[in-house]
Amino acid sequence: MIDIKNLSKWYGHFQVLTECSTSVARGDVMVICGPSGSGKSTLIKTVNGLEPFQQGEIIVDGTSVGAKGTDLPALRARIGMVFQNFELFPHLSVCDNLTLGQIKVLKRSRDEAVERGLRYLDRVGLLGQQDKYPNQLSGGQQQRVAIARALSMDPIAMLFDEPTSALDPEMINEVLDVMVGLAQEGMTMMVVTHEMGFARKVANRVVFMDKGRILEDCGKDEFFGAPRSERAKDFLARIIH
Amino acid sequence: MIDIKNLSKWYGHFQVLTECSTSVARGDVMVICGPSGSGKSTLIKTVNGLEPFQQGEIIVDGTSVGAKGTDLPALRARIGMVFQNFELFPHLSVCDNLTLGQIKVLKRSRDEAVERGLRYLDRVGLLGQQDKYPNQLSGGQQQRVAIARALSMDPIAMLFDEPTSALDPEMINEVLDVMVGLAQEGMTMMVVTHEMGFARKVANRVVFMDKGRILEDCGKDEFFGAPRSERAKDFLARIIH
Amino acid sequence: MNYHWNWRIFWEESPDGVRTYGETLIDGLQWTLAAAGCGWVIALVVGVLVGTLRTLPQSAPIGRWLRLAGNAYIEVFRNIPLLVQMFLWYFVAPELLPSSAGAWVKVLPNLPFVAAVVSLGFYTSARVAVQVTAGIESLAGGQLLAALAVGLSRPQAYRYVLLPLALRVIMPPLASEGLNIIKNSAVALTIGLVELMNSANAIQEFSFQTFEAFTAATVIYVALNIIVVMGMQWLERRLALPGTLAEGMR
Amino acid sequence: QEPTGTLAKIKRTGTITLGVRDGSVPFSYLDDKQQYLGYSVDLCMKIVTAAQKQLGMTDVKVVMQPVTPANRIPLMANGTIDLECGSATNNAERQKQVAFAPTMFVVANKLLARKASNIRSLADMKGKTLVATAGTTTLKQMTILNNEMGLGMTILIGKDHPESFLMLETGRAVAEANDDILLAAQVAASKNPADYAIAQEALSVEPYGIMLRRDDPEFKKLADATLTRFYQSDDYPKVYAKWFQSPIPPKGINLNFPMPPQLKAVLAKPTDSPDPAAYAAVPPAQQAAAKKKAK
Amino acid sequence: MFSQFDFDVIARSWVYLFQVGMVFTLKLTVLSMLGGVVLGTLLALARLSSWAPLAWLAAGYVNLMRAVPLLLVIFWFYFLVPYIGAWLIGAAEPVKVGAFWSALVTFILFQAAYYCEIMRGGIQAIPRGQLLAAQALGMHYWQVMGNVVLPQAFRNMLPVLLTQTIVLFQDVSLVYVLSAPDFVGLASKVAQRDGRLVEMYLFVALVYFVLCSALSWLVRRLQRRVAIIR
Ligand SMILES: Nc1ncnc2c1ncn2[C@@H]1O[C@H](COP(=O)(O)OP(=O)(O)OP(=O)(O)O)[C@@H](O)[C@H]1O
Ligand SMILES: Nc1ncnc2c1ncn2[C@@H]1O[C@H](COP(=O)(O)OP(=O)(O)OP(=O)(O)O)[C@@H](O)[C@H]1O
Ligand SMILES: [Mg+2]
Ligand SMILES: [Mg+2]
């Protein structure tokens with residue numbers, strides 16, 4: 001469903017991504033890991049066109065992301081995205097956060113949007129919080145609202161960029177639980193994370209990046225078990241205490 | 001030389017110091033320790049009148065610090081003080097940092113001030129750095145300049161407020177070495193620090209504070225060896241790994 | 001000093017034989033408010049527009065050109081004194097029009113008012129634009145990405161997310177620009193708008209009670225200031241993001 | 001006997017400050033060499049010379065301080081200027097604030113308009129735009145008449161006379177109200193003098209005087225004596241001719257303005273009376289306003 | 001369309017405009033800045049004083065100045081300064097103060113309120129430890145301020161102070177209402193005398209635009225350098 005072919009990207013003279021290729025099939029859960037600055041966030045943002053790229057090709061559900069004339073907003077509306085810092089809209093109530101995209105982009109009626117928004121709010125265990133504002137919620141709650149916001153657009157796939165790394169330890173699990181549930185229901189997911197527990201539990205693919213290159217791209221069991229590149233080994237050793 | 005009697009101090013309704021009494025004789029090295037917020041910094045700052053207090057009495061070399069009409073600047077000029085964050089004057093070169101107080105307060109001639117400043121700069125091992133500016137130096141070097149600055153006023157005693165706690169581990173020793181040297185030369189010192197190695201080596205008195213009270217005030221050997229209050233025990237256990 | 005104080009002057013009839021001097025002053029106040037108010041509308045609209053242009057991504061060439069245009073706009077309107085801008089709009093602009101249009105414009109009864117509003121509006125808009133840009137940039141990109149990721153188009157992202165947030169952030173500097181435009185409207189006396197300052201001056205010319213007239217003007221300006229500040233504080237509290245300290249310490 | 005007031009000040013500071021105007025041609029104006037000059041300035045210099053002589057000083061520094069009609073009176077009161085050498089109307093109201101030297105000219109308020117717009121009297125201005133200069137008696141009179149005669153004119157206000165004329169020239173105003181002599185000078189200096197006409201209707205009679213500070217009898221006495229002597233001397237006609245009947249800088253225009261009979265009368269019997277009736281028959285427009293004032 | 005315009009008037013007068021008008025404007029700007037910064041700094045110290053009445057007085061002054069239009073202040077002082085002067089030196093009659101000195105006093109007093117707020121921000125941004133360190137060396141209040149706090153505040157705030165000075169430079173044009181011979185005032189006199197408003201005002205606008213743009217470009221460069229030093 002998501003095909004990335006020979007992707008390269010530069011910031012000025014600095015090459016962030018070098019010839020990255022991988023693909024995610026319907027129902028796949030792909031975990032992307034690697035040291036800081038290796039280009040994980042950049043890679044995941046190119047998938048829904050939030051970051052432009054200079055070389056290569058990305059095809060999402062038949063649509064070429066980089067092609068001229070692609071209706072990027074329409075594409076993005078079909079892919080949910082969750083950020084490290086939640087990025088809820090602080091001036092809108094939870095309910096309005098959930099319905100803004102549905103109403104403005106999908107042109108749903110307010111009633112329909114609210115109904116669906118609340119269904120997903122319930123799904124992440126926060127029904128009853130819809131009239132609060134983002135800053136009145138804990139980090140874990142905010143991130144779960146962000147997931148509900150993405151889900152309420154009925155996405156065909158979800159992108160996560162370190163969804164738990166800005167959270168206090170107690171809150172990490174409440175978010176991971178929601179993500180595990182999603183994965184088990186068959187949602188297609190690309191997840192940048194250092195939570196190897198999550199990867200072990202639900203990933204079927206793990207991608208390891210360093211310095212803008214994809215060094216490993218293999219099944220979960222292979223990644224955690226079989227021999228692999230020195231760098232990945234180092235990285236795993238450091239990350240799993 | 002420094003006599004503190006029944007000292008109490010409030011910030012508004014909050015009592016920071018409660019009935020503190022202790023005294024430092026000429027040539028004593030007193031180490032003050034205790035948990036964060038226990039009032040150590042406040043206590044040491046009352047000694048040269050940087051913090052006013054409401055009850056009790058402090059006599060430094062015969063001068064009552066809290067009395068009306070005491071010439072605080074003159075008193076402070078005779079007591080050196082070193083701060084956690086160095087507090088060198090960033091707009092002045094090292095040399096000017098060393099001479100400012102001598103020229104403005106002690107009214108020394110510039111030549112005399114420079115000569116004496118450089119002598120102490122040598123003493124802390126930094127001769128040759130006099131034309132640099134503070135932020136061109138490492139933290140450890142800055143703290144040593146701060147010590148030289150205090151020394152160049154020819155103080156009768158030195159106050160240190162956690163002089164090493166803002167330093168990277170590699171630099172702590174270069175500062176402690178200077179302080180040990182000073183102690184061994186017979187300088188009267190009050191030192192707030194968590195460096196128990198330093199205390200063991202040169203302190204002859206250790207004061208332990210908690211919640212604004214002096215809980216222990218005894219010889220070094222007694223503090224590290226003999227039985228003492230639960231809190232101090234707890235504290236020592238946590239601080240010495 | 002041999003100055004004859006006469007505070008009753010404001011109840012005395014002014015030379016036009018219709019109004020008292022006090023009423024002259026009130027009339028001036030109304031012109032001040034009208035000029036500042038209309039100018040403020042222009043300043044906000046143009047300022048938000050230009051400020052937004054300057055945050056467009058530089059990657060697209062069109063973005064680069066719009067950015068450049070926005071910067072040039074700000075440079076021009078910030079770097080010419082307001083007085084000179086008023087002269088340009090009042091004395092110069094009509095002469096540059098085709099002569100028939102110019103002749104029509106020049107006999108507009110409210111030309112000083114129109115010129116004052118336009119110059120106050122554009123002059124202030126450059127300052128507002130700088131604030132708007134800073135406000136949007138302070139949101140640090142994350143909100144824009146999130147809005148785009150939801151599928152909002154760029155204009156929608158600005159309309160529903162970035163601008164509402166940025167305007168909240170820049171409320172205090174906007175408030176002081178709002179005060180400035182009231183004060184700056186006094187410059188319009190140089191092109192003959194009989195606003196508050198000018199009516200105080202007229203009272204002074206006709207009655208020679210200089211200090212009374214200026215004292216009254218000063219008091220009115222200070223009162224205006226207090227009202228605007230209080231209004232802005234009220235607005236700021238109302239628009240404060242729920243859950244932040246700006247809401248007030250409760 | 002020690003001098004007092006302004007004379008004492010001159011003696012102490014060695015300086016006298018004349019309030020001058022940017023564009024009251026030919027009374028007081030700025031030429032293209034950035035010098036202030038004119039008929040009033042010449043008269044003032046007579047007073048300065050007399051003061052210097054009386055004080056026994058060899059050198060008095062003369063400072064030219066530009067003023068506008070709107071600020072000349074406060075500036076006189078607060079000591080910024082010592083003599084106002086412009087084209088100030090002497091009236092009873094102003095005499096409460098300042099003093100005047102003996103009348104040096106007599107003018108009438110009139111209207112100036114383009115010939116094409118056919119303005120003969122104030123009544124023709126109904127609903128049209130008029131310009132007058134801030135701080136002048138003319139502006140005050142026009143404001144009153146506008147209301148009294150129900151003319152509904154829009155009155156523009158120029159900062160000084162050149163700006164007022166500019167409003168007329170650039171078509172912003174249909175007519176300019178001002179003192180007839182000033183209007184004549186403006187027309188003469190304009191790009192196309194033939195385009196303009198001064199309406200015949202005289203709206204007032206106004207004596208011009210040099211302003212001095214009030215309650216300064218010693219200086220006033222000196223000014224009175226100096227000007228009285230000068231008005232009756234043989235020099236006076238030369239000075240009059242120099243400004244009103246010969247080419248004057250900057251453009252060498254000749255106003256060709258013969259001495260009006262009212263002026264001749266007052267020169268023969270110098271006075272600083274603020275009452276217009278002392279100089280000529282007062283036009284009805286001015287009488288009405290004066291009546292209004294009285295009630 | 002420009003056929004009836006005559007830009008010759010600029011060629012004829014620009015030397016004079018710069019030699020007299022621009023010099024007047026610049027002199028007023030620079031002197032007002034110096035006076036304003038000094039007075040503003042004193043006001044800032046007063047506002048931060050622990051003696052409440054002084055702090056209130058300074059705050060009241062600053063707020064009053066910032067509440068009224070500069071033009072009103074200019075008029076106030078043009079008429080009032082001679083009386084104040086007389087009161088100050090105890091003279092019986094008002095002191096003669098010309099447009100320049102009156103404007104200078106006005107701008108110093110007015111701008112000081114704005115410089116005060118800038119300096120106050122700068123002083124408050126200095127870490128408290130700097131104050132303590134200076135006091136610990138035995139320095140008196142004025143020594144602490146003069147040698148440690150103010151130099152740092154001043155250096156950190158230099159770009160902001162200069163930006164405010166550009167505003168001042170533009171504000172000086174308002175002395176036009178006093179018929180003072182500043183750049184705009186002289187230009188408008190020439191313009192009115194020769195009936196060449198369009199040409200003259202366009203020229204004036206261009207001159208200000210070029211000067212202010214250049215100045216603010218310099219300030220931006222300075223700002224980057226200060227940011228690096230810190
Ligand atoms: N806008 C930008 N301009 C220039 N360089 C950038 C920009 N954004 C990111 N980079 C650089 O690109 C590289 C990859 O960044 P990216 O955020 O994708 O890394 P990451 O793998 O997500 O790291 P982390 O784990 O720290 O989030 C980094 O070296 C970063 O400094
Ligand atoms: N200016 C102040 N106003 C109010 N409370 C203060 C102030 N300064 C310090 N305190 C409070 O006084 C108490 C003692 O502070 P102090 O800095 O002396 O503690 P400390 O023992 O030095 O702690 P640390 O090890 O963290 O430096 C703390 O609870 C602190 O919060
Ligand atoms: Mg990242
Ligand atoms: Mg401490």
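First the proteins, then the strands, lettered A, B, ... as listed; each starts at 1. Everything quoted here is computed from the prediction, not taken from an experiment.
- Between S179(E) and R21(D), the closest side-chain pair of non-hydrogen atoms is not below 4.5 Å.
- A 6.0 Å sphere centred on NZ of K251(D) holds more than 12 heavy atoms belonging to other residues, nucleotides or ligands.
- Residues T165(E) and Y115(E) bring a donor and an acceptor atom of their side chains to less than 3.5 Å of each other.
- Separation of atoms CE (M64(D)) and OH (Y36(D)) is listed at 9.5 Å; rounding is to 0.5 Å.
- The cationic atom of K9(D) (NZ for Lys, CZ for Arg) does not lie both less than 6.0 Å from the six-membered ring centre of F219(D) and within 45° of the ring axis.
- Summarising the local packing, NZ of K33(D) is surrounded by 12 or fewer heavy atoms from other residues, nucleotides or ligands at distances under 6.0 Å.
- Interface remark: L186(E) contributes no atoms to any contact with chain D (heavy atom separation under 4.5 Å).
- For F75(E), no part lies near chain D; criterion is any non-hydrogen pair under 4.5 Å.
- If you measure heavy-atom distances from T15(D) to chain E, the contacts under 4.5 Å come from the side chain alone.
- For chain E, the nearby part of Q65(D) is the side chain; its heavy atoms alone come within less than 4.5 Å.
- With contacts defined as side-chain heavy-atom distances shorter than 4.5 Å, the pair T129(D)/R172(D) does not qualify.
- No part of F100(E) comes within reach of chain D, as not one of its non-hydrogen atoms sits under 4.5 angstrom from that chain.
- Interface residue R12(D): only side-chain heavy atoms are found under 4.5 Å from chain E.
- Contacts of D31(D) with chain E are made by backbone atoms alone, with heavy-atom separations under 4.5 Å and no side-chain atom involved.
- The contact between L30(D) and chain E is made by backbone and side chain atoms together, counting heavy-atom distances below 4.5 Å.
- Residues F27(D) and F244(D) bring their aromatic ring centres within 6.0 Å.
- Using a 4.5 Å cut-off between heavy atoms, D22(D) contacts chain E through its side chain alone, with no backbone atom that close.
- With a 4.5 Å cut-off on non-hydrogen atoms, V20(E) does not touch chain D at all.
- For T17(D), the part sitting under 4.5 Å from any heavy atom of chain E is the side chain, from C-beta outward, and nothing else.
- With chain E as partner, the option from V67(D), L75(D), T68(D) having the largest number of non-hydrogen pairs under 4.5 angstrom is L75(D).
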